Amino acid sequence: LIDQGVKNKVLFYNQGNAYFRTQKLGKAILCYERALRLAPRDEDIRYNLDFVNSTVGVPAAGFLSRLFYFLNLNELSVCASVILYLFIIILFGRRFIDQNRILRYTRLSLGLLLFVTAIWLFARIQDNTKRYAIVTSSPAEARNGPGEEYSVGFTVPEGKKVKILAEK
């Protein structure tokens with residue numbers, strides 16, 4: 001199903017479990033990350049990902065990271081749109097409704113919530129454009145040049161999530 005292009009959280013989760021049982025920890029982490037991207041609030045996926053990460057020595061995601069990824073990009077876009085529409089309705093509705101303290105506080109609160117949501121959405125879009133990779137071989141060697149004859153600069157353990165800066 002995966003080879004046919006099916007993207008499903010249960011499918012990635014089960015594939016991650018299969019890789020974990022066969023001791024392919026890097027591939028297990030990759031599958032759990034894919035499942036978590038589709039279902040960011042699924043506790044089973046989060047638990048298994050944290051467990052496998054702790055097995056390879058990667059610390060579990062903290063509170064701020066969980067909060068940042070609590071909503072997926074589609075859900076966050078819908079929330080920002082709804083808040084924007086409510087803010088516009090209240091902003092233009094003040095011409096037809098008497099000004100009172102509750103309306104001013106509502107407008108101020110919605111404006112602040114819109115600002116925070118817009119920053120959150122922008123940060124998630126920026127994060128989504130970054131390219132990451134999970135090391136699936138043990139160990140991955142980074143050489144000081146583009147060939148086998150160059151010395152090893154450093155090694156990256158299996159299961160480590162790295163940001164891809166450039167490709168050659």
Side-chain angles (χ1 to χ4, degrees), residues 1-84 113-168:
L1 289 173
I2 291 173
D3 290 342
Q4 294 174 359
V6 176
K7 293 181 179 177
N8 183 303
K9 70 172 187 164
V10 176
L11 188 61
F12 288 133
Y13 176 75
N14 287 333
Q15 187 183 28
N17 287 341
Y19 278 133
F20 177 73
R21 288 187 179 137
T22 58
Q23 295 300 311
K24 296 179 181 174
L25 302 181
K27 290 184 179 185
I29 291 171
L30 176 64
C31 292
Y32 291 141
E33 288 276 350
R34 287 177 177 164
L36 198 61
R37 180 173 271 200
L38 296 173
R41 291 178 300 280
D42 191 306
E43 286 300 317
D44 291 333
I45 297 170
R46 171 69 61 193
Y47 177 81
N48 283 13
L49 178 61
D50 288 345
F51 181 77
V52 177
N53 275 333
S54 68
T55 302
V56 296
V58 176
F63 173 75
L64 290 179
S65 177
R66 287 180 188 237
L67 183 63
F68 184 70
Y69 292 106
F70 182 72
L71 298 176
N72 66 30
L73 206 50
N74 292 338
E75 294 167 339
L76 191 55
S77 298
V78 168
C79 286
S81 298
V82 168
I83 293 169
L84 176 64
L113 187 59
L114 178 62
F115 179 73
V116 169
T117 306
I119 289 175
W120 186 11
L121 180 61
F122 179 74
R124 282 296 307 273
I125 290 171
Q126 290 298 316
D127 183 66
N128 207 36
T129 60
K130 294 177 184 172
R131 295 179 43 203
Y132 292 98
I134 305 289
V135 177
T136 58
S137 64
S138 179
E141 296 177 339
R143 298 192 176 269
N144 292 323
E148 291 287 328
E149 65 274 0
Y150 289 90
S151 65
V152 175
F154 61 92
T155 60
V156 182
E158 182 179 12
K160 183 76 171 170
K161 186 175 186 177
V162 294
K163 183 168 47 168
I164 299 173
L165 300 176
E167 254 182 85
K168 287 189 179 182

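Please read all numbers here as calculations on a predicted model, not as lab measurements.
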Counterpart residues, salt bridge (charged side-chain N to carboxylate O under 4.0 Å, His left out), relative to [X] (two or more places apart):
X	value
D44	none
K161	E33
K24	none
R37	none

Sequence neighbours excluded - salt bridge (charged side-chain N to carboxylate O under 4.0 Å, His left out) pairs with any residue from residues 65-75:
R41-E75, D50-R66

Pairs meeting criterion salt bridge (charged side-chain N to carboxylate O under 4.0 Å, His left out) with involvement of residues 51-65, two or more places apart
none

Pairing residues for [X] by the side chain to side chain contact (heavy atoms under 4.5 Å, CB included) criterion, not counting sequence neighbours:
X	result
A133	V162, I164
T155	P139, E141, V152
V116	none

Does any non-hydrogen side-chain atom of D127 lie less than 4.5 Å from one of Y132?
yes

For a 4.5 angstrom cut-off between non-hydrogen side-chain atoms, does K160 reach V56?
no

For the pair R143 and E148, find out whether any cationic side-chain nitrogen is under 4.0 Å from an anionic carboxylate oxygen.
yes

Do we see a donor-acceptor contact under 3.5 Å between the side chains of Y13 and N8?
no

side-chain hydrogen bond (donor to acceptor under 3.5 Å, both in side chains) filter on D3, not counting sequence neighbours, yields none

Just grab all the ring-ring contact (aromatic ring centres under 6.0 Å, His included) pairs involving residues 47-66, residues at least two apart or on different chains.
F20-F51

Side-chain polar contacts of residues 119-126 - donor-acceptor pairs under 3.5 angstrom, sequence neighbours left out - could you list them?
from : atom 1 : to  : atom 2 : distance (Å)
W120 : NE1    : F68 : O      : 3.0
R124 : NH1    : F68 : O      : 3.4
R124 : NH1    : L71 : O      : 2.5

Name the residue from D42, N53, N17 that meets the side chain to side chain donor-acceptor pair (under 3.5 Å) definition with Y32.
N17

